[in-house]
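The figures here come from the full heavy-atom set of this structure, side chains too, leaving out hydrogens, waters and symmetry mates. Start at 1 and go down the list; that is how both ligands and their atoms are numbered.
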Amino acid sequence: MQFSASFRRYFATRAPQCSPFRFTQPPNPSWQLGQGAHKEFLEKSGDVPKKTWIMNETNPKDTYKLLTTCIVPRPIAFVSTLATDGTPNLAPFSYFSMVSHNPPLLSISFSLSPRRPKDTRENILNTKQFTVNIISEEFAEAANITSVESPASNDEWKLSGLTMEPSTEVKPAMVKESHISMECELNFAHDVTDLTTSQITNTLVLGLIKRVHVRESVLNEDGSQVNPTALNPLARLGGLSYATLGDGFDIARPSWKAVREEIKGKDQ
Ligand SMILES: Cc1cc2nc3c(=O)[nH]c(=O)nc-3n(C[C@H](O)[C@H](O)[C@H](O)COP(=O)(O)O)c2cc1C
């Protein structure tokens, strides 16, 4: 695939393959056991009252607006499937997470509009196969167009201009432009129902990851992990908003032995 010169320049500045992820200091490096939140943060927001929603008194539209802005940022599964007649389908889904690494499982949840079930859901339930591809900022618009609510016969790949790459373990293609693609088999499906009407509102799907493909240019030096700067993944916020990664910081995982010693020291 050919990238234009301007895109290559842009890409070179945004995804410098050799530059590591930018790590900053944690927000409070001198934090002590039991210290709680930062003082300035508490002064600013600690006593601001909280508005409360009682969820069984909140209509689904408002619940959607609220929760999709509360649970952020969400990663996005860019899902490629095939209909039973072989029609390819591509669409993004942000009700998406890692479930376990042993076995390697991911989850995606499909909302069911009474008007039209999502083609991706139908295809996964029928064929039991799909690929999950990771979207980078550099092709956000091409990925976004595939969310168009169109008839099952429409091939979103054509609208996007993205490229199919053959998979190894499953029939649906991978997205060649994606730095990461995961070939998946349906492991489990569960319909979620409205608590009063019992109508199906969502279907939760677990996918068993059979094979992961990662572009070598986004791998770290020993090839075992992905460099987030080079990956430059797109995330979903509420409404129409997307986000990209900012800086990161490390905080050591607490060891009970060290914490216990510190508590003992304080008690004496
Ligand atoms: C970034 C993004 C995230 C989305 N996440 C979801 C989701 O998690 N669940 C869902 O049902 N629809 C989600 N949608 C909407 C679907 O992508 C949209 O309904 C699409 O038309 C489904 O395509 P399909 O019918 O070909 O499967 C999302 C749309 C966008 C743009």
request  = Taking only heavy atoms of Tyr242 into account, list the atoms of ligand 1 that are under 4.0 Å away from them.
outcome  = 1 (C), 31 (C)

message = Rounded to the nearest 0.5 Å, what separates atom CZ in Phe110 from atom NZ in Lys118?
response = 9.0 Å

query = Would one find an N or O of Asp119, backbone or side chain, under 3.5 Å from an N or O of ligand 1?
reply = yes

request  = Considering non-hydrogen atoms only, spot the tightest contact between Ser178 and Phe139 and give its length.
outcome  = OG-CZ, 3.6 Å

message = Counting non-hydrogen protein atoms only, what is the nearest one to atom 27 (O) of ligand 1? Give residue, atom name and distance.
response = Thr120 OG1, 2.5 Å

message = Rounded at 0.5 Å granularity, tell me how far CG in Asn28 sits from NZ in Lys39.
response = 12.0 Å

key: Nearest-0.5 Å distance that lies between atom CG in Asn133 and atom CD1 in Ile180   = 10.0 Å

ask   = Any side-chain heavy atom of Tyr242 within less than 4.5 Å of one from Ile76?
value = yes

ask   = Does Val148, backbone or side chain, put an N or O under 3.5 Å from an N or O of ligand 1?
value = yes

inquiry  = Show me which atoms of ligand 1 lie under 4.0 Å from any heavy atom of Asn144.
reply    = 31 (C)

key: contact_flag Phe96 ligand 1 heavy-atom lt 4.0 Å   = no

request  = Just go through Ser94, Ser111, Ser147 and tell me whose heavy atom is the nearest to atom 18 (C) of ligand 1.
outcome  = Ser147

request  = Can you measure from CG (Leu219) to CD (Glu221) and round to the nearest 0.5 angstrom?
outcome  = 11.5 Å

key: atom 9 (N) of ligand 1: the protein heavy-atom neighbour that sits closest, reported with distance to 0.1 Å   = Ser109 O, 3.2 Å

message = Starting from atom 10 (C) of ligand 1, what is the nearest protein heavy atom, named by residue and atom, and what distance separates them?
response = Phe93 CD2, 3.5 Å

message = For atom 8 (O) of ligand 1, what is the closest protein heavy atom, and at what distance to 0.1 Å?
response = Tyr95 N, 2.7 Å

inquiry  = Considering non-hydrogen atoms of the protein only, which is the closest contact for atom 26 (O) of ligand 1, and what is the distance?
reply    = Asn89 OD1, 2.9 Å

ask   = Which of the atoms in ligand 1, numbered in the order shown and given with their element, are less than 4.0 Å from a heavy-atom of Phe110?
value = 11 (O)

task = Indicate yes or no for a side-chain donor-acceptor contact from Ser80 to the backbone of Pro172 under 3.5 Å, with no hydrogens or angles considered.
result = no

Sub-4.0 Å heavy-atom contact, Glu156 with ligand 1 = yes

Which donor-acceptor pairs under 3.5 Å do the side chains of residues 50-59 make with protein atoms, sequence neighbours left out?
unit_1	atom_1	unit_2	atom_2	d
Thr58	OG1	Ile54	O	2.7
Asn59	OD1	Lys61	N	3.0
Asn59	OD1	Asp62	N	2.9
Asn59	ND2	Asp62	OD2	3.2

task = Run the numbers for me: atoms of ligand 1, each under 4.0 Å from some heavy atom of Ala91, listed by number.
result = 22 (C), 23 (O)

Check: Lys118 N/O within less than 3.5 Å of ligand 1 N/O = yes

request  = Pull out every atom of ligand 1 sitting under 4.0 Å from any heavy atom of Arg236, numbered as shown with elements.
outcome  = 1 (C), 2 (C), 31 (C)

query = How many angstroms lie between atom CD1 of Ile145 and atom CG of Leu162, to the nearest 0.5 angstrom?
reply = 11.0 Å

task = Could you pull out the closest heavy-atom pair between Thr87 and Ala152, with the gap in Å?
result = CG2-O, 3.8 Å

inquiry  = Between Phe130 and Val170, does the side chain to side chain contact (heavy atoms under 4.5 Å, CB included) criterion hold? Intermediate values first, please.
reply    = CA-CA 7 Å; Phe130 56 107; Val170 298; over 6 Å; no

message = For atom 28 (C) of ligand 1, what is the closest protein heavy atom, and at what distance to 0.1 Å?
response = Pro92 O, 3.3 Å

